[in-house]
Every structure is written in C-alpha cells, then in structure tokens.
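Remarks on the structure that follows.
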Amino acid sequence: MSNNPLSHTMNATTLRALTHFPQELEAYYAAIPADFKNWAPASWEGVPSEPFTPIEQICHIRDIEIDGYHVRFHRILHESNPTLASIDSETLAKEKSYAASNAAEVFAEFREARTRTAELISELSPEQLARTAVFEGYGELSLRSLVHYLCSHDQQHLAGLQWLLGKIEASRGPFKAID
C-alpha cells in the first residue's frame, strides 16, 4: 500500500459514518423527552458541542451541512486555495428561529443535504481530495481533511445530545437507589 496521499479515495469508514449519521442523529434526538426539546441547562459547562438546546442542535447540524460544508466543498473544488470562513452559529440560530423549528422538516432537509454530501465525496478523485484551502480556526487543510472535520462535527453533536440527556435526567431528581 502506498503512502502517497494521492493514491486513494476517501476512507470507507469515514464515508460509512457520514452516510449513517442522519439515522443516528434522529435516534439520539428521539431519546430526548418531548417536553425537553427546547430545554436548556442552568450551565453549559462541559458541553461537548455548541451550547444549543436539542432542537437547536439539529437545526445547527442541518445549516452547517448546507451553508457550511456544501459551500466549503464547492469552493475548494472550484477555487485555488480559498480561505473558508467559519459560521457564527449563535447568530444563525437567532436569525432562523431555531427554537420554533419543526424537527421532522429539519430532519428531511438534513437527510437530503447529507445524501448530496456523501454522493459528492464518494465520487471525488484522489487529486480532488488533495485540493487545499485555509479554514478559519483550523488553518491549512485538504478537502480530505475537511471531510474528517465534518465527521468529527457529527460526533460532537451526538455527544452534545447525550450530554443534554444527562443534564435532563439530573434535573429531574430526586434520585432513589435501585436495589
């Protein structure tokens, strides 16, 4: 096996994780009790994702996919070493009224966007995956690097939803020992 980064396409494990993520996200979100979809803890200390309520988490993921990663992939493929802007997620959440969003619509839009992402990535040549950019907050990277950051972002938000579930359960007290 060659150590040349131009000798292979995208890692199959990463592609699989990206492809299966919409179902995982929906399952994690479904675990949130209905009356806690807009709930926020008293403190966000320790949250492994952005400090968003459950409904805001899924809206953020949808918008980062479409307004963030789709744009970034396009720019890397069509521009020479572009500088990719980071997105102000908190401002976007307010502008788009995340708290009032319909989860079923958010998931439908996200599934469609992720399908487009996975199709694009799986069709890229090694040369395209090696194209470079500078990403605000991350520095120099390749398109391949950006795909891994997207996969990492997905995992951060699954962890964020689990963290919220922990906070929700802790807020419900009082606790009784189980024999």
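Note that the numbering runs from 1 along the sequence shown for the chain.
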Report the hydrophobic cluster partners of Phe110, with the cluster defined as I, L, V, M, F, W, Y residues connected by side-chain heavy atoms closer than 4.5 angstrom, directly or transitively. Phe21, Leu25, Tyr28, Tyr29, Ile32, Phe36, Trp39, Trp44, Val47, Ile55, Ile58, Ile61, Val106, Phe107, Leu158, Leu161, Trp163, Leu164, Leu165, Ile168
Where is the tightest heavy-atom contact between Gly160 and Pro48, given as atom of each residue plus distance? N-CG, 3.7 Å
Quick check for you: to the nearest 0.5 Å, what is the distance between Ser97 atom OG and Lys94 atom NZ? 11.5 Å
For Glu90, I'd like to know if atom CD has over 12 heavy atoms of other residues, nucleotides or ligands within 6.0 Å. no
Under a single-linkage definition using a 4.5 Å side-chain heavy-atom cutoff for Ile, Leu, Val, Met, Phe, Trp and Tyr, are Leu84 and Tyr138 assigned to the same hydrophobic cluster? yes
Path from Phe52 to Leu150 over hydrophobic side-chain contacts below 4.5 Å: no
Test item: Gln128 side-chain N/O and Ser125 main-chain N/O as donor-acceptor pair under 3.5 Å: yes
Closer than 3.5 angstrom, by distance alone: can the side chain of Arg131 be matched with the main-chain N or O of Ile76 as a donor-acceptor pair? yes
One thing to verify: whether Arg114 and Asp154 come together as a salt bridge, which I'm taking to mean a side-chain N less than 4.0 angstrom from a carboxylate O. yes
Residue pair Arg16 / Thr19, side-chain heavy-atom distance below 4.5 Å: no
Could you check whether any side-chain N or O of Ser101 sits under 3.5 Å from a backbone N or O of Ala103, counting only pairs where one atom can act as donor and the other as acceptor? no
State, to 0.1 Å, how close Gln156 and Ser49 come at their nearest heavy-atom pair, and which atoms those are. O-CB, 3.4 Å
Glu79 versus His74, side-chain donor and acceptor atoms under 3.5 Å: no
Under the 3.5 angstrom rule, does the side chain of Glu136 hit a backbone N or O of Ser86 as a donor-acceptor pair? yes
Determine whether Tyr149 and Ile87 fall in the same hydrophobic cluster, where Ile, Leu, Val, Met, Phe, Trp and Tyr are linked whenever their side-chain heavy atoms lie under 4.5 Å apart. yes
Once rounded to the nearest 0.5 Å, what's the spacing between atom OG of Ser89 and atom NZ of Lys96? 11.0 Å
List the residues meeting salt bridge (charged side-chain N to carboxylate O under 4.0 Å, His left out) with Glu112, not counting sequence neighbours, and say none if there are none. Arg116
Between Asp67 and Arg62, is there a side-chain N and carboxylate O pair less than 4.0 Å apart? no
So which atom in Arg111 and which in Pro22 form the shortest heavy-atom distance, rounded to 0.1 Å? CG-CB, 3.8 Å
Separation between NE2 (His70) and CD (Glu65), nearest 0.5 Å, reads 4.5 Å
Evaluation steps, side-chain contact (heavy atoms from CB on, under 4.5 Å), between Tyr69 and Thr117: CA-CA 8 Å; Tyr69 284 93; Thr117 300; 5.7 Å; no
Look only at the side chain of Arg75 and the backbone of Thr83, and say whether a donor-acceptor pair between them is shorter than 3.5 Å. yes
Can you tell me how far the CG atom of Asp63 sits from the CD atom of Glu95, to the nearest 0.5 Å? 10.5 Å
Side-chain donor/acceptor of Glu56 to backbone N/O of Thr53, under 3.5 Å: yes
Please determine whether side-chain contact (heavy atoms from CB on, under 4.5 Å) holds for the pair Leu120 and Leu77, giving the CA-CA distance in whole Å, both sets of side-chain angles, and the decisive distance to 0.1 Å. CA-CA 11 Å; Leu120 170 73; Leu77 289 169; 4.0 Å; yes
Hey, would you say the His148 and His153 ring centroids sit under 6.0 Å apart? no
Looking only at atom types and distance, does a side-chain atom of Arg72 sit under 3.5 Å from a main-chain N or O of Phe135, one as donor and one as acceptor? no
Do Leu124 and Leu18 sit in one hydrophobic cluster, given that two such residues count as connected whenever their side-chain heavy atoms are within less than 4.5 Å of each other, even indirectly? yes
Among the clusters formed by ILVMFWY side chains lying less than 4.5 Å apart, do Leu146 and Val134 turn up in the same one? no
Would you say the side-chain atoms of Thr132 and Glu140 include a donor-acceptor pair closer than 3.5 Å? no
The reported gap from CD in Gln155 to NE2 in His157 (rounded to nearest 0.5 angstrom) is 11.0 Å
